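Just so it is clear, the structure is predicted and the values come from calculations on it, not from any experiment.
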Amino acid sequence: MDYVFPTYKRFPFEIVAGSDWELTDDQGKQYLDLTSGIGVCNLGYNQPKLNQAVAEQLTKVWHTSNLYESSLQDQVAQGIVNGEDYLVSFCNSGTEANEAALKLARKATGREKILAFNHSFHGRTYGSLSVTGNDQIKVGFTPMLAGVSFAEYNDDQALEQVSSDLAAVIVEVVQGEGGVYAADASWLKTLAAKCQQVGALLIIDEVQTGMGRTGKLYAFENYGLKPDIFTLAKGLANGIPVGAMVGKKSLGKYFGPGSHGSTFAGNPLAMAAAKEVLATMDSEFLEAVAAKAEFAWHYLEDLTALECVTGVTGLGLMIGIHLSSEVKVAAVIEKLQAAGVLTLAARDNTLRLLPPLTMPASELLAGIEEIKAVLAEDILVGV
Ligand SMILES: *Cc1c(COP(=O)(O)O)cnc(C)c1O
């Protein structure tokens with residue numbers, strides 16, 4: 001690629017088509033997809049119902065601006081809040097959803113400080129980058145937003161950093177980029193209780209964990225939590241760019257006319273796709289995801305018998321296979337590509353799997369078996 005900034009290290013092939021959980025590259029090679037385009041195409045590729053919903057909207061109107069009523073936005077927002085007392089502010093990405101959350105938290109509390117966690121990932125714009133616990137991706141871009149401090153994830157000492165001068169605490173239920181580590185249930189519940197005690201808003205970043213990924217519509221439901229604010233993007237419209245900041249209804253008065261907005265926010269094509277995604281993710285669908293995940297975890301736990309696997313972590317169909325230091329995750333990913341399986345990496349030499357939620361158990365198992373074969377081979381190479 002000659003005309004695009006080299007901000008991504010890309011694999012030397014191009015995906016040109018997809019169907020369900022299978023992708024085809026420019027050489028005609030087929031892959032079993034265990035990435036969902038990094039947790040985006042949760043319903044897979046080339047889905048007739050989604051295609052139809054977007055195609056229908058395409059012939060009506062592409063864009064109208066937010067100067068007029070939008071029943072489509074309201075229908076999607078209704079699907080997102082799912083009967084709870086929340087309001088939705090639409091945007092176009094995960095980082096923007098987190099920006100909106102940080103702005104709302106500061107305005108609603110009149111406080112400046114934000115607590116975030118080491119190894120978190122919240123996005124690449126200044127606010128969300130400032131609360132991202134990864135110094136490497138901040139090099140050359142300082143100064144960051146003032147008033148941000150970090151604590152250790154899943155660490156009881158972190159709870160003491162929740163003080164009454166905080167506007168918000170921002171946290172992922174499962175740290176995705178950070179290595180696919182799920183929050184300890186009692187720790188996360190105590191964190192939520194502490195926030196409430198000191199009047200700091202709890203922001204849960206559901207950009208990767210949301211939209212059915214963990215067997216619930218939102219991962220915090222697994223923990224019986226009700227955050228003040230949560231953010232969505234990746235899977236919300238299955239690949240049409242969209243984001244959403246969802247906040248308790250009581251916060252509505254702080255986000256009045258003129259306080260926040262975006263030209264493309266709530267774009268009709270994205271809304272048409274999101275509406276169909278939400279309609280698909282009913283309780284029956286989510287139960288099937290949970291059942292498939294349970295099936296997959298049975299086989300995933302077997303992987304720890306391999307010498308090069310130090311552990312398997314995650315929740316639902318958000319899976320991290322931790323590799324010992326003598327096996328490099330980048331090499332494993334390339335070997336799997338050659339074998340026709342697409343996977344991802346995360347921090348800590350972790351092989352990360354985010355398969356489409358629609359993938360049948362038999363295909364999930366085929367993917368896991370292929371991973372097992374490649375990892376077993378790697379041991380031999382390492383000996
Ligand atoms: C991907 C991701 C983001 C950023 O989303 P973009 O749409 O890339 O801006 C934020 N938070 C989490 C947890 C993510 O996984």
**Q** Just wondering, more than 12 heavy atoms not from Glu294 lying within 6.0 Å of its CD?
**A**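 Open.
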
**Q** Let me confirm one number: the CG-CD distance from Asn118 to Glu152, rounded to the nearest 0.5 Å.
**A** 4.5 Å

**Q** Any heavy-atom pair between the side chains of Pro356 and Asp20 that's under 4.5 Å?
**A**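 Side chain of Asp20 against side chain of Pro356, heavy atoms only: no contact under 4.5 Å found.
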
**Q** May I ask you to check whether over 12 heavy atoms, not counting those of Phe150, lie within 6.0 Å of atom CZ?
**A**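 More than 12 heavy atoms, drawn from other residues, nucleotides or ligands, come within 6.0 Å of this atom.
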
**Q** With hydrophobic residues grouped by side-chain heavy-atom distances under 4.5 Å, do Leu23 and Val16 end up in a single group?
**A** no

**Q** Measure up the Phe117 and Trp187 rings against each other and bin them: parallel (under 30°), tilted (30 to 60°), perpendicular (over 60°).
**A**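 Taking Trp187 first and then Phe117, their aromatic rings stand perpendicular (interplane angle over 60°).
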
**Q** Between Ile38 and Arg352, is the side-chain contact (heavy atoms from CB on, under 4.5 Å) condition met? List the steps.
**A** CA-CA 10 Å; Ile38 321 188; Arg352 178 170 44 145; 4.2 Å; yes

**Q** If we ignore hydrogens and angles and just use 3.5 Å, is the side chain of Tyr153 paired with the main-chain N or O of Ala183 as donor and acceptor?
**A**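 Side chain of Tyr153 to backbone of Ala183: a pair is present.
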
**Q** Below 4.5 Å, heavy atoms only, C-beta onward: do Lys248 and Lys226 meet side chain to side chain?
**A**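 When only atoms from C-beta onward are counted, Lys226 and Lys248 do touch, with a gap below 4.5 Å.
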
**Q** If hydrophobic clusters are built by linking Ile, Leu, Val, Met, Phe, Trp and Tyr wherever their side-chain heavy atoms come under 4.5 Å apart, do Ile371 and Trp297 end up in the same one?
**A**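 The answer is yes; both residues are in one hydrophobic cluster.
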
**Q** Taking the side chain as C-beta and beyond, is there a heavy-atom pair between Gln78 and Leu278 under 4.5 Å?
**A**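 No; the side chains remain at least 4.5 Å from each other.
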
**Q** Around atom NZ of Lys29, are there more than 12 heavy atoms of other residues, nucleotides or ligands at under 6.0 Å?
**A**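 More than 12 within 6.0 Å, yes.
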
**Q** Please say whether more than 12 non-hydrogen atoms of neighbouring residues, nucleotides or ligands are located less than 6.0 Å from NZ in Lys113.
**A** no

**Q** Minimum heavy-atom separation for Ala105 to Ala167, with atom names?
**A**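 Reported closest heavy-atom pair: O-CB, 3.9 Å.
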
**Q** Side chains of Leu300 and Ile368, heavy atoms from C-beta outward: is any pair under 4.5 Å?
**A** yes

**Q** Hey, does the side chain of Thr35 reach the backbone of Gly37 with a donor-acceptor pair shorter than 3.5 angstrom?
**A**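 The answer is yes, because a donor-acceptor pair under 3.5 Å joins these two groups.
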
**Q** Just checking, any donor-acceptor pair under 3.5 angstrom between side chains of Thr214 and Thr209?
**A**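 Per modelled atom types, Thr214 and Thr209 side chains form no pair under 3.5 Å.
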
**Q** Kindly indicate whether the side chain of Val162, heavy atoms from C-beta on, has any atom under 4.5 Å from the side chain of Cys195.
**A** yes

**Q** Any chance you could measure Phe255, atom CZ, to Met245, atom CE, to the nearest 0.5 Å?
**A** 4.5 Å

**Q** If we only count heavy atoms from C-beta on, is the Gln57 to Leu72 side-chain gap below 4.5 Å?
**A**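 Gln57 vs Leu72: side chains touch.
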
**Q** Specify the closest pair of heavy atoms between Ala339 and Glu370, including all atoms of both residues, with the distance to one decimal.
**A**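 So the two residues come closest at CB-OE2, 3.7 Å.
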
**Q** Does the plane of the ring in Tyr218 sit parallel, tilted or perpendicular to the ring in Phe230? Use 30° and 60° as the thresholds.
**A** tilted

**Q** Say you draw a straight line from OG1 of Thr231 to CG of Asn98; how long is it, rounded to the nearest 0.5 Å?
**A** 4.0 Å

**Q** Is there a donor-acceptor pair closer than 3.5 Å between any side-chain N or O of Glu206 and the backbone N or O of Ala219?
**A**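 Present.
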
**Q** Indicate if Tyr31 and Met359 have the same hydrophobic cluster label, given that clusters are the connected sets of ILVMFWY residues with side-chain heavy-atom separations under 4.5 angstrom.
**A**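 Yes; Met359 is reachable from Tyr31 via cluster members.
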
**Q** Quick check: does any side chain N or O of Thr95 sit under 3.5 Å from a backbone N or O of Thr125, one acting as donor and the other as acceptor?
**A** yes

**Q** Side chains of Met211 and Leu357: does their closest heavy-atom pair fall under 4.5 Å?
**A** no

**Q** Hydrogens and angles aside, do Gln30 and Asp25 bring a side-chain donor and acceptor to less than 3.5 Å of each other?
**A**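 Distance-only check fails for Gln30 and Asp25.
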
**Q** Looking at every non-hydrogen atom in both residues, tell me the closest pair between Val173 and Tyr223 and how far apart they are.
**A** CG1-CE1, 3.1 Å

**Q** Would Glu84 and Val246 count as a side-chain contact (heavy atoms from CB on, under 4.5 Å) here? Give the steps.
**A** CA-CA 11 Å; Glu84 302 286 336; Val246 191; over 6 Å; no

**Q** Verify, without hydrogens or angle tests, whether Gln47 (side chain) and Tyr45 (backbone) share a donor-acceptor contact under 3.5 angstrom.
**A** yes

**Q** May I ask you to check whether Gln208 and Glu177 show a side-chain donor-acceptor distance below 3.5 Å?
**A**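 Checked: Gln208/Glu177 side chains pair up, N/O donor to acceptor below 3.5 Å.
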
**Q** Has Ser120 got a side-chain atom pairing as donor or acceptor with Gly133's backbone, closer than 3.5 angstrom?
**A**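 Yes, the answer is positive, given that a donor and an acceptor are paired below the 3.5 Å cut-off.
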
**Q** Is there a donor-acceptor contact under 3.5 Å from the side chain of Lys216 to the main chain of Asn222?
**A** no

**Q** Taking all non-hydrogen atoms of both residues, which atom of Val327 and which atom of Cys308 are closest, and how far apart?
**A** CG2-CB, 3.5 Å

**Q** Less than 4.5 Å apart, side chain to side chain, heavy atoms only: is that true for Met281 and Leu43?
**A**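 Touching, per the 4.5 Å side-chain cut-off.
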
**Q** Show your working on side-chain contact (heavy atoms from CB on, under 4.5 Å) between Ile170 and Ile114 and close with a plain yes or no.
**A** CA-CA 7 Å; Ile170 183 165; Ile114 317 274; 4.2 Å; yes

**Q** Would you please test Leu102 and Ile203 for side-chain contact (heavy atoms from CB on, under 4.5 Å) and show each step?
**A** CA-CA 8 Å; Leu102 297 174; Ile203 303 171; 4.2 Å; yes

**Q** Tell me whether Gln196 at atom CD has more than 12 heavy atoms from other residues, nucleotides or ligands lying less than 6.0 Å away.
**A**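 Not buried by this count: 12 neighbours or fewer within 6.0 Å.
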
**Q** Side-chain heavy atoms under 4.5 angstrom apart, residues restricted to Ile, Leu, Val, Met, Phe, Trp, Tyr: same cluster for Leu202 and Tyr86?
**A** yes

**Q** To check you understand the geometry: which heavy-atom pair defines the closest contact between Lys138 and Leu129, and what is its length?
**A**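 That closest heavy-atom pairing would be CE-O, 3.1 Å.
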
**Q** Would you call Arg111-Asp165 a salt bridge at under 4.0 Å N-O?
**A** no

**Q** Which heavy atom of Thr304 sits nearest to which heavy atom of Val312, and what is that distance?
**A** CG2-CG2, 4.0 Å

**Q** Would you check if there is a donor-acceptor pair between the side chains of Glu22 and Ser19 at a distance under 3.5 Å?
**A**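 No, because no side-chain N or O of Ser19 sits under 3.5 Å from a partner of the opposite role on Glu22.
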
**Q** Quick check: does any side chain N or O of Asn349 sit under 3.5 Å from a backbone N or O of Leu323, one acting as donor and the other as acceptor?
**A**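 Flag set: sc Asn349 to bb Leu323 pair under 3.5 Å.
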
**Q** Look up atom CD in Glu96 and atom OG in Ser262, then write down how far apart they are to the nearest 0.5 Å.
**A**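 Going from the CD atom of Glu96 to the OG atom of Ser262 covers 5.0 Å.
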
**Q** Say you draw a straight line from OG1 of Thr343 to CG of Leu336; how long is it, rounded to the nearest 0.5 Å?
**A** 4.5 Å

**Q** Tell me if a side-chain donor or acceptor on Arg213 pairs with a main-chain N or O of Leu317 at a distance below 3.5 Å.
**A**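 Pair found, side chain donor or acceptor close to backbone of Leu317.
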
**Q** Could you tell me whether the side chain of Asn238 and the main chain of Asn42 form a donor-acceptor pair under 3.5 Å?
**A**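 Such a contact is found between Asn238 side chain and Asn42 backbone.
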
**Q** To the nearest 0.5 Å, what is the distance between OH (Tyr299) and CD (Glu369)?
**A** 8.0 Å

**Q** According to a 4.5 Å side-chain heavy-atom criterion applied to Ile, Leu, Val, Met, Phe, Trp and Tyr, with indirect links allowed, do Leu354 and Val180 form part of one hydrophobic cluster?
**A** yes

**Q** Between the side chains of His322 and Thr350, does any donor sit under 3.5 Å from an acceptor?
**A**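 The answer is yes; a qualifying pair exists.
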
**Q** Tell me whether Phe11 at atom CZ has more than 12 heavy atoms from other residues, nucleotides or ligands lying less than 6.0 Å away.
**A** yes

